[in-house]
Amino acid sequence: MIPLIYNWFAIAAVAKNGVIGNKNSIPWNIPVDMNWFRSKTAGQILVVGRKTFETIKILNPQSIYLVLTQKKDYNIINKNVTIINSINQIPKSTKTNRQIWICGGKQIYEQTLKSCSFLFLTTIKKAYKGDTYFPKFKHIFKLQTQIFEDDLIVIQKFKNKQLEEIN
Ligand SMILES: NC(=O)c1ccc[n+]([C@@H]2O[C@H](COP(=O)([O-])OP(=O)(O)OC[C@H]3O[C@@H](n4cnc5c(N)ncnc54)[C@H](OP(=O)(O)O)[C@@H]3O)[C@@H](O)[C@H]2O)c1
C-alpha cells in the first residue's frame with residue numbers, strides 16, 4: 001500500500017445514499033458544488049481515471065490532468081494532459097506549488113484514498129439512482145471542519161487519521 005502522502009487531496013461529491021455516478025456521468029447538476037470543485041482544483045494537478053476523464057467537457061487550461069489508464073495506446077493531444085498507467089506514477093510531491101487532487105472516479109478513490117492527507121467531501125442531501133458508489137472512508141478519515149451548508153449540500157473537510165497520530 002502507498003503510505004500517507006502530504007500533497008495528495010481527495011475531492012468528491014456523494015449523494016445521501018452513497019452514489020457518485022450513473023452511466024458514466026454525475027446524476028445531478030448543482031452549480032454551487034461545481035463552483036466549489038473548480039475553485040479548489042483550478043491550476044492544480046488533477047488525477048482522474050480514464051472513464052471520469054472522458055466525462056470532462058471543458059479542461060481548465062491552468063490545470064494539469066493526469067489520466068490513469070491501462071490502455072498502452074491511449075493518447076490525448078493536449079499539453080496539459082499526461083497519460084499514466086499506474087498509481088505509482090502519480091507524483092508524491094512537485095517542484096512547483098501545485099497540489100495533487102484525486103478527483104475520482106470510484107476505481108481511483110478506492111486505490112488512493114488511504115494515502116490522501118485530506119478529503120473534501122460534498123454530501124448531497126438527496127438520494128440519487130446510480131451505479132457507482134463512493135468507497136467506505138470513515139475508517140481512514142476523521143471530520144475536521146464543516147465548510148459550507150445550504151438546502152442542497154454540505155461540504156466537509158476530513159483529515160487522514162494517520163495525520164492525527166503524527167501531530
Ligand atoms: N461524484 C463525484 O465526485 C465523482 C467524481 C469523479 C467521477 N464520478 C463518477 O464516477 C464514475 C466513474 O468511476 P469509475 O470507477 O467507473 O471509473 P474511473 O475511476 O473514472 O476510471 C476507471 C478507469 O481508470 C483506469 N484505471 C483504474 N485503476 C488503474 C490503475 N491502477 N492503473 C491504470 N489505470 C487504472 C482504467 O482505465 P482503462 O479502462 O482505460 O484501462 C479504468 O477503467 C462516473 O459515473 C463519474 O461521473 C463522480
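Atoms considered below: every heavy atom in the structure, side chains included; atoms not considered: hydrogens, waters and symmetry mates. Whatever order the structure lists them in is the order used to number ligands and atoms, beginning at 1.
Looking from atom 3 (O) of ligand 1 to the surrounding protein, the closest heavy atom is Ala13 N, 2.8 Å. Of the protein's non-hydrogen atoms, Ile20 O, 3.7 Å is the one closest to atom 9 (C) of ligand 1. Summary of contacts: the protein heavy atom closest to atom 39 (O) of ligand 1 is Arg50 NH2, 2.8 Å. Counting protein heavy atoms only, atom 40 (O) of ligand 1 is closest to Thr69 OG1, 2.5 Å. The protein heavy atom nearest to atom 44 (C) of ligand 1 is Asn24 OD1, 3.3 Å. Scanning the protein for heavy atoms near atom 18 (P) of ligand 1, the closest one is Gly105 N, 3.6 Å.
For atom 41 (O) of ligand 1, the nearest non-hydrogen atom from the set Gln70, Gln89, Lys51 belongs to Gln70. The closest non-hydrogen atom to atom 20 (O) of ligand 1, taken over Thr52, Thr122, Leu68, comes from Thr52. Considering each of Lys106, Gln107, Glu110, the one bringing a non-hydrogen atom nearest atom 26 (N) of ligand 1 is Gln107.
Atoms CD1 and OG1, from Ile83 and Thr69 in turn, are 7.5 Å apart once rounded to the nearest 0.5 Å. With values rounded to the nearest 0.5 angstrom, Ser115 atom OG is found 11.5 Å from Ile100 atom CD1. Rounding to the nearest 0.5 Å places CZ of Phe37 at 5.0 Å from CG of Leu46. Atoms NZ and CG, on Lys136 and Leu113 in that order, are 13.0 Å from each other to the nearest 0.5 Å.
In terms of polar-atom proximity, Ser25 is counted as a contact of ligand 1, with an N or O under 3.5 Å from an N or O of the ligand. Between Asp131 and ligand 1, no N or O atom pair is found at a separation short of 3.5 Å.
Ligand-side atoms of ligand 1 in range of Cys103: 5 (C), 6 (C), range being under 4.0 angstrom from any heavy atom. Near Ala12, meaning under 4.0 Å from any of its heavy atoms, are these atoms of ligand 1: 3 (O). Against a heavy-atom cut-off of under 4.0 Å, Ile108 is close to the following atoms of ligand 1: 19 (O), 27 (C), 28 (N). Of all atoms in ligand 1, listed by their number and element, those nearer than 4.0 Å to a heavy atom of Asn85 are 32 (N), 33 (C). The atoms of ligand 1 that sit less than 4.0 Å from any heavy atom of Gly21 are 45 (O). Proximity to Ile87 (heavy-atom distance under 4.0 Å) selects the following atoms of ligand 1: 31 (N). Of all atoms in ligand 1, listed by their number and element, those nearer than 4.0 Å to a heavy atom of Lys71 are 40 (O), 41 (O).
Residue-level proximity to ligand 1 for Ile11 is absent, since no heavy atom of it falls below 4.0 angstrom. At a heavy-atom distance under 4.0 Å, only side-chain atoms of Gln111, from C-beta outward, approach ligand 1.
Here the rule is ring-ring contact (aromatic ring centres under 6.0 Å, His included) with Tyr109, and of Phe137, Phe134, Trp8 only Phe134 fits it.
By the 4.0 Å heavy-atom criterion, Asn22 is counted among the residues contacting ligand 1. Under a 4.0 angstrom heavy-atom cut-off, Tyr109 registers as being in contact with ligand 1.
The distance between the ring centers of Phe148 and Trp36 does not fall below 6.0 angstrom.
The main-chain N or O of Ile147 is never found under 3.5 Å from a side-chain atom of Thr145 such that the two would form a donor-acceptor pair.
Remark: Lys161 is not positioned above the aromatic ring of Phe141, lacking an NZ or CZ atom under 6.0 angstrom from the ring centre and at most 45 degrees off the axis. With a 6.0 Å cutoff to the six-membered ring centre and a 45° limit on the axis angle, Lys157 counts as a cation-pi contact of Phe118.
Counting heavy atoms from C-beta on, the side chains of Thr112 and Ile87 come closer than 4.5 Å.
Among residue pairs with one or both ends in residues 91-110, those qualifying as salt bridge (Lys or Arg N to Asp or Glu O under 4.0 Å) are Lys106-Glu110; sequence neighbours excluded.
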Would you be so kind as to tabulate the donor-acceptor pairs closer than 3.5 Å made by side chains of residues 51-59, with sequence neighbours excluded?
from: Thr52; atom 1: OG1; to: Gly105; atom 2: N; distance (Å): 2.9
from: Glu54; atom 1: OE1; to: Arg50; atom 2: NH1; distance (Å): 3.2
from: Glu54; atom 1: OE2; to: Tyr74; atom 2: OH; distance (Å): 2.7
from: Thr55; atom 1: OG1; to: Thr52; atom 2: O; distance (Å): 2.6

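Side-chain contact annotation: Asn7 with Ser93, donor-acceptor N/O pair under 3.5 Å absent.
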